[in-house]
Amino acid sequence: MSEQPLRRRASVKAAEVLKSSDNDDMDRDSSDSSDDFDAPKSSSAKKATKASHSKAEVSDSDDDVPLSARKQSKPTAANGNVPQNKRAANGSSRNSAANDDNGNDSETSDAPVTKKSKTAAEKKVDDENENGDNESDEDDDDVPLSKKKANGDVKAKKTPVGKKDTAAKRKLKVEESAVTPAKKRKTPAIKKSGTPVKNEKKGEDDDNDENADEEEEEEDQFAWWKDGALDTSEKWKTMEHQGPVFPPAYVPHGIKMKYNGAPIELEPDSEEVATFFAGIIGTDYEQNKTFCANFFRDFLTVLKKQKKTCPIKEFAKCDFTPIYQHLQEQKELRKAMTKEQKQKIKEEKLALEEKYGWALFDGRKEKVGNFRIEPPGLFRGRGDHPKTGTLKLRVMPEQVTINIGKEAKVPEPPAGHKWGSVVHDNTVAWLATWKENVNDNIKYVLMAATSSLKGQSDLKKFEKARELKKHIAKIRRDYTDGLKDKVMATRQLSTALYFIDRLALRAGNEKGEDEADTVGCCSLRFEHVTLEPPNKVIFDFLGKDSIRYYNEVAVDEQVFKNIKIFKREPKKEGDMLFDRLNTAILNKDLTKYMTGLSAKVFRTFNASYTFQKELNSTPADGTMQEKILAYNRANRQVAILCNHQRTVSKAHTAQMGKIQDKVRGYKYERSLIKKALLEVDPKLKKKRPELLEDESDVDDDFVQRYLTGLEEKEKDRVAKALEKENEKRKAEGKAPLKELEKKKSVPTPLESLSVEKLEKKLEDMGKRIETTKLQIIDKDENKTTALGTSKINYIDPRISIAWCKKYDVDLEKIFNRSLREKFHWASHLDDDWEF
DNA sequence: GTGGAGACTTGGAAGAATATTA
DNA sequence: TAATATTCTTCCAAGTCTCCAC
């Protein structure tokens with residue numbers, strides 16, 4: 001895979017965390033063999049894995065009995081083998097036309113799915129042959145989805161042209177019908193919901209009154225989780241807010257950029273755009289050709305609107321560094337601000353939050369999330385986004401729709417402006433919305449994570465995942481059987497589900513031409529999956545946010561066979577792996593097991609389930625640190641499972657080097673202790689031969705460096721102490737000293753210590769080395785793994801809270817304040833609660 | 001039945017705030 | 001106390017999935 005933009009690094013995901021899906025408690029009936037999911041083999045794969053491995057059924061393929069229940073209405077096409085959304089092997093073509101492999105239009109491409117469905121049901125995949133290859137052709141009656149799509153633009157999912165303003169219509173409809181009931185309600189006393197429930201230890205001493213207030217506040221909190229009424233589509237009866245905050249108007253700085261070496265005077269609008277570009281200098285975007293091209297195209301458009309003609313024609317001749325330097329200076333000035341100045345800014349920010357940061361939901365004060373309208377700038381699309389660098393225009397109030405209770409006062413738009421429209425829709429969660437110009441995406445002002453609205457959807461999400469637990473055994477049985485189904489569509493669905501369940505892959509919706517080429521399970525293409533006999537599947541693709549997913553997994557024999565079939569000629573690079581499947585089909589199929597079940601629920605379920613299981617290895621008698629380490633390790637397993645990566649920090653290598661040097665320093669110190677021990681008690685030479693061994697990776701060079709370093713540090717320390725002393729003397733009117741009178745007490749030479757003391761020192765140093773080594777491992781393992789995302793989105797917080805209760809750990813050790821507020825609803829549970 | 005708009009969740013990066021170390 | 005490291009917060013891009021108009 002070629003180098004990716006944005007410093008996204010490939011990292012290897014440990015699949016084996018996907019522990020056995022078969023647990024007694026899960027009633028999984030497969031005869032698992034623990035090798036089904038091998039650890040990924042990669043030089044960089046250092047992720048700890050201690051999985052109990054999942055086993056898949058390895059029933060003999062000859063007994064393959066179709067699951068009648070599952071194939072009633074599998075949508076497949078009439079014939080042909082044209083893959084859906086075929087993309088050219090060179091990666092550049094994402095051909096939207098439903099063409100066959102020769103590029104001809106498919107004659108049957110517009111056949112209705114129902115028809116295709118029936119046809120497909122008749123078409124069978126041949127039984128597996130004796131070699132177990134099961135590569136019998138499916139007669140190709142079982143037609144890829146692409147065939148079913150109309151000739152022409154199948155691909156372009158998001159077609160900006162001709163988009164209809166259904167939203168406007170919908171809103172209008174809402175305004176007429178779904179409006180707050182006219183019936184007058186007595187407005188309840190204002191209570192805060194989602195108000196910070198502070199129980200931090202720090203600050204405890206200094207404001208007891210505040211704590212008392214908080215306790216009272218907590219008691220007052222809207223305990224929606226006790227109501228059990230989570231199914232209502234009506235989100236509020238009355239709702240008030242102050243509207244969004246618009247970014248301040250641009251203030252020109254007058255710094256001239258250069259063109260062809262000469263300073264250029266720009267009008268404010270152009271200067272603003274030039275300043276946007278200067279702001280990305282030094283980042284990877286500066287080197288991104290698409291980013292620069294898109295920026296420059298839009299820059300030229302803005303320049304053309306200038307009153308004075310501007311000579312700028314070529315990007316290569318533009319020099320934005322004067323503006324960049326100005327920005328740097330501004331940054332320095334901000335850094336150098338006095339405490340008072342900083343305080344003033346903080347207060348202004350707080351005042352703004354106080355005014356706009358809250359909304360009243362049925363009289364309760366709740367926190368708003370992003371109440372600021374996004375400022376103009378350059379679109380920072382990730383990966384190879386074709387629109388990255390495009391100018392994101394300033395949003396005007398006329399583009400903004402306000403959603404508010406019918407009886408509430410509509411917030412005032414900025415002076416001289418009016419709102420695009422005002423609606424009163426209590427079935428949606430947003431307070432304001434607008435459409436951005438780059439991708440035509442709709443943006444929303446939503447409530448904060450701590451709000452009851454978000455809390456309720458979180459609880460619903462986790463309850464849904466818990467409900468999946470009741471159905472997972474049957475689902476797994478079904479898809480395991482389906483792997484051998486005679487209908488190609490069913491096989492693909494089962495195989496995809498196998499991956500979604502076992503590997504926590506995302507569903508993989510179709511994407512448009514004007515988006516980065518990233519994929520999920522259903523949208524995997526030929527080149528994203530390779531096979532390595534006897535049973536290894538290698539995944540290598542760019543997933544969400546253009547993060548690389550690389551995984552080598554030993555799979556069920558039948559899954560291996562299936563992939564071989566799905567990749568069979570004439571399929572080639574650019575073709576869909578699952579050409580009879582998409583997310584709609586997959587999710588529709590899943591609803592037969594459980595209302596509301598979709599592919600993403602598997603991610604939540606498996607993350608939470610894995611986490612709870614991993615936590616079982618918490619040492620009950622361990623120290624607090626050991627317990628927390630166990631918690632973080634469980635968290636890491638989930639993060640690895642979900643492929644949550646982060647960019648390695650620039651300072652990482654240097655930081656690692658420092659800690660490694662620290663270990664080497666300790667080792668050197670240990671060698672001195674050993675030496676002293678042998679001198680004090682020479683008999684130990686025979687009794688303890690290990691004392692004669694050299695310390696690893698402590699060579700002469702290092703020792704020299706280490707000692708010099710110590711010397712310099714000591715000099716530095718003495719100099720500082722002298723300086724301090726002289727300042728003190730100066731204040732007292734005394735003459736300064738040339739050197740410190742008091743000499744630091746010389747430490748007792750090791751050789752004069754007793755054997756017992758030396759042994760103790762040796763032991764302590766050994767412990768210190770081990771602890772620091774663990775730190776290194778921990779740091780390195782976390783180098784590319786981001787733990788936060790899974791903690792915030794995938795792991796049921798009740799598992800963590802129950803764990804804290806069980807192991808007597810303070811919640812604040814594992815949840816920061818934001819998380820405690822976000823998951824306040826979860827803190828009320830029985831001691832024996834389980835996911 | 002289907003495509004696409006709309007609504008919402010998920011996700012990493014950057015910057016700010018805070019803690020730790022020298 | 002300053003420098004450095006870590007944690008937290010904010011921002012907004014990029015997913016998933018439902019529902020409605022055609």
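We name chains A, B, ... by the order of the sequence lines, and we start the count at 1 in each one. Worth saying up front: this structure is predicted, and the values here are computed from it rather than measured.
Atom CG of A:N582 is separated from atom C1' of C:dG15 by 16 Å (rounded to the nearest Å). Straight-line distance from the CD atom of A:E510 to the C1' atom of C:dT16: 13 Å, rounded to whole Å. A:K791 has its NZ atom 12 Å from the C1' atom of C:dC8, to the nearest Å. When rounded to the nearest whole Å, the span between CD1 of A:I814 and C1' of C:dC8 equals 16 Å. Taking atom OH on A:Y549 and atom C1' on B:dT10, their separation rounds to 17 Å, with Å as the unit. Protein atom CZ of A:R646 is 14 Å distant from nucleotide atom P of C:dA5, rounded to whole Å. Between the NZ atom of A:K349 and the C1' atom of B:dG15 there is a distance of 10 Å, given to the nearest Å. Atom C1' of nucleotide B:dA19 and atom CD of A:Q655 are separated by 14 Å, given to the nearest angstrom.
Checking the phosphate oxygens (OP1, OP2) of C:dT16, a side-chain nitrogen or oxygen of A:N509 falls inside 4.0 Å. Side-chain N/O atoms of A:S457 include one lying less than 4.0 angstrom from OP1 or OP2 on B:dT9. Between A:N816 and C:dT7, a side-chain N or O to OP1/OP2 separation shorter than 4.0 Å is absent. For A:K600 and B:dT10, the shortest distance from a side-chain N or O to OP1 or OP2 is below 4.0 Å. Applying the 4.0 Å criterion to OP1 and OP2 of C:dA5, one finds that A:S649 has every side-chain N and O outside that range. Of the side-chain N and O atoms in A:K342, none sit less than 4.0 angstrom from OP1 or OP2 of B:dA16. Look at A:K779 and you'll find a side-chain N or O under 4.0 angstrom from OP1 or OP2 of C:dT6. For A:S598, a side-chain nitrogen or oxygen approaches OP1 or OP2 of C:dC17 to under 4.0 Å.
Looking at the side chain of A:W430, the nearest of the listed nucleotides B:dT10, B:dA7, C:dT6 is B:dA7. Nearest nucleotide to the A:I547 side chain, out of C:dT9, C:dT10, B:dG12: B:dG12. Set against C:dT6, B:dC8, B:dG12, the side chain of A:L446 has B:dC8 as its closest nucleotide.
Checked against salt bridge (Lys or Arg N to Asp or Glu O under 4.0 Å), A:K461 has the following partners two or more places apart in sequence or in another chain: A:D458.
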Show each protein N/O and nucleotides 11-14 of chain C N/O combination with a separation under 3.5 Å, one pair to a line.
{"residue": "C:dA13", "atom": "OP1", "partner": "A:K392", "partner atom": "NZ", "Å": "3.2"}
{"residue": "C:dA13", "atom": "OP2", "partner": "A:K443", "partner atom": "NZ", "Å": "2.7"}
{"residue": "C:dA14", "atom": "OP1", "partner": "A:R382", "partner atom": "N", "Å": "2.5"}
{"residue": "C:dA14", "atom": "O4'", "partner": "A:D545", "partner atom": "OD1", "Å": "3.4"}

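Using a 4.0 Å heavy-atom cutoff across all strands shown, A:A599 reaches sugar-phosphate atoms only and no base atom. Backbone-only engagement by A:R603 is indicated by non-hydrogen atom pairs under 4.0 Å involving sugar-phosphate atoms exclusively. Residue A:G788 is out of contact with every strand shown, counting any heavy-atom pair closer than 4.0 Å.
Remark on DNA chain C: of its neighbouring residues A:K658 and A:T583, the 5'-side contact belongs to A:K658, judged by nearest-heavy-atom nucleotide. Position along DNA chain B of the nearest nucleotide to A:Y794 versus A:Y444 favours A:Y444 as the more 5'-ward residue.
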For the pair A:T401 and A:S421, evaluate side-chain hydrogen bond (donor to acceptor under 3.5 Å, both in side chains) and give the outcome as yes or no after the intermediate values. CA-CA 5 Å; A:T401 298; A:S421 61; 3.1 Å; yes
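Put simply, NZ on A:K392 and CG on A:N437 are 8.5 Å apart, with the number rounded to the nearest 0.5 Å. Of the inter-residue distances, the one linking A:R334 atom CZ with A:K342 atom NZ reads 11.5 Å to the nearest 0.5 angstrom.
Between A:H385 and A:F379, some side-chain heavy-atom pair lies under the 4.5 Å cut-off. Counting heavy atoms from C-beta on, the side chains of A:V445 and A:W434 come closer than 4.5 Å.
Of all heavy-atom pairs between A:F246 and A:V400, the closest is CZ-CG2, 4.0 Å.
Side-chain atoms of A:D514 and A:N439 include no donor-acceptor pair closer than 3.5 Å.
Taking a cutoff of 4.0 Å between a charged side-chain nitrogen and a carboxylate oxygen, A:K783 and A:D780 qualify as a salt bridge.
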